[in-house]
Amino acid sequence: MKAAAGQEALVRVAARGLARAGLVHAYGHCSSRLDADHFLVCAARPMGLIETGEAGTVVPVHGELPDGVLGEVRIHQHIYRMRPEVGGVVRSMPPSVMTLSSARVTPQPRHGMGSYFSPAVPLWDDPQLV
């Protein structure tokens, strides 16, 4: 299966926008659901460096990851599999949050959406990637 040009552009623009906003740096990726069985993930490189016209990879919701796709994309697979209403996924690792985590500190909730993490955001105490 091949993604439509518009879907490719959407994922590239999202990737670069996340980078410009400082929400990602060398780590992270974004994807968009194509249909019930497939999604498109951005190129496996720092999102701010993804170039116009650079293709992402179509990934099956069920099955093995295609060659060249980062192992963390399994997170996207599981979300799309378990939540059919989800249209896109971002794995974001902002530099400031990574800095806090290395100091074993988590950000404090400051608004209503943060209440989902009450009483505090959990700390993942393992520096290894998924």
Side-chain angles (χ1 to χ4, degrees):
M1 174 179 205
K2 183 165 175 31
Q7 202 74 16
E8 288 273 7
L10 176 72
V11 169
R12 281 192 305 271
V13 168
R16 290 192 305 263
L18 288 161
R20 278 194 303 275
L23 296 173
V24 297
H25 53 107
Y27 306 106
H29 36 271
C30 60
S31 66
S32 178
R33 186 187 292 274
L34 299 175
D35 58 32
D37 298 315
H38 301 90
F39 62 94
L40 176 69
V41 67
C42 67
R45 54 191 271 138
M47 288 198 269
L49 300 178
I50 294 174
E51 297 179 15
T52 301
E54 188 170 356
T57 302
V58 174
V59 179
V61 171
H62 301 275
E64 296 297 318
L65 296 178
D67 289 341
V69 172
L70 300 172
E72 299 86 52
V73 173
R74 287 183 188 92
I75 297 167
H76 299 242
Q77 273 186 316
H78 286 276
I79 292 170
Y80 288 126
R81 187 177 309 136
M82 301 302 295
R83 300 286 304 271
E85 75 279 11
V86 170
V89 176
V90 173
R91 178 172 177 264
S92 174
M93 298 177 68
S96 56
V97 174
M98 289 183 70
T99 301
L100 287 173
S101 70
S102 66
R104 300 181 53 78
V105 175
T106 58
Q108 296 298 309
R110 298 287 185 221
H111 54 79
M113 295 300 284
S115 67
Y116 293 124
F117 300 103
S118 182
V121 176
L123 174 68
W124 180 261
D125 197 21
D126 186 343
Q128 299 178 74
L129 294 175
V130 173

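Keep in mind it's a predicted model, so treat the numbers as computed, not measured. Here, residue 1 is the first one in the sequence, and each next residue gets the next number.
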Shared ILVMFWY cluster between Leu70 and Val90, side chains joined below 4.5 angstrom? no
Are Leu40 and Leu10 joined in one hydrophobic group, where the rule is that I, L, V, M, F, W and Y side chains link up if heavy atoms are under 4.5 Å apart? no
Roughly how far, to the nearest 0.5 Å, is the CZ atom of Arg45 from the NE2 atom of His29? 15.5 Å
Give the minimum heavy-atom separation between Ala44 and Gly68, together with the two atoms involved. CB-O, 3.8 Å
Would you find a donor on one side and an acceptor on the other, under 3.5 Å apart, between the side chain of Arg33 and the backbone of Val86? yes
Quick one: does Arg83's side chain have a donor or acceptor within less than 3.5 Å of a partner on Tyr80's backbone? no
Assigning hydrophobic clusters by single linkage (Ile, Leu, Val, Met, Phe, Trp, Tyr; side-chain heavy-atom cutoff under 4.5 Å), is Val69 placed with Val89? yes
Rounding to 0.5 Å, atoms NE2 (His76) and CZ (Arg74) come to a distance of 12.0 Å
Measuring from Cys30:SG to Arg91:CZ, what's the distance to the nearest 0.5 Å? 12.5 Å
Please check if the side chain of Ser32 supplies one atom and the backbone of Gly88 the other of a donor-acceptor pair under 3.5 Å. no
Run through Val59, Val11, Ile79 and flag the one making a side chain to side chain contact (heavy atoms under 4.5 Å, CB included) with Phe39. Val59
From Gln77 atom CD to Ile75 atom CD1, the distance as rounded to the nearest 0.5 Å: 11.0 Å
Taking Gln7 for the side chain and Leu34 for the main chain, is one N or O donor matched with an acceptor at less than 3.5 Å? no
Grab the two heavy atoms, one from Glu54 and one from Ala43, that are nearest each other, plus how far apart they are. OE2-CB, 3.5 Å
Taking a hydrophobic cluster as the set of Ile, Leu, Val, Met, Phe, Trp and Tyr residues connected by side-chain heavy atoms closer than 4.5 Å, whether directly or through intermediates, do Leu18 and Ile50 fall within one such cluster? yes
Is the gap between the ring centers of Tyr27 and His25 under 6.0 Å? yes
Flag side-chain contact, heavy atom, 4.5 Å: His38 against Val61: no
Any carboxylate oxygen within less than 4.0 angstrom of a Lys/Arg side-chain nitrogen, looking at Arg12 and Glu51? no
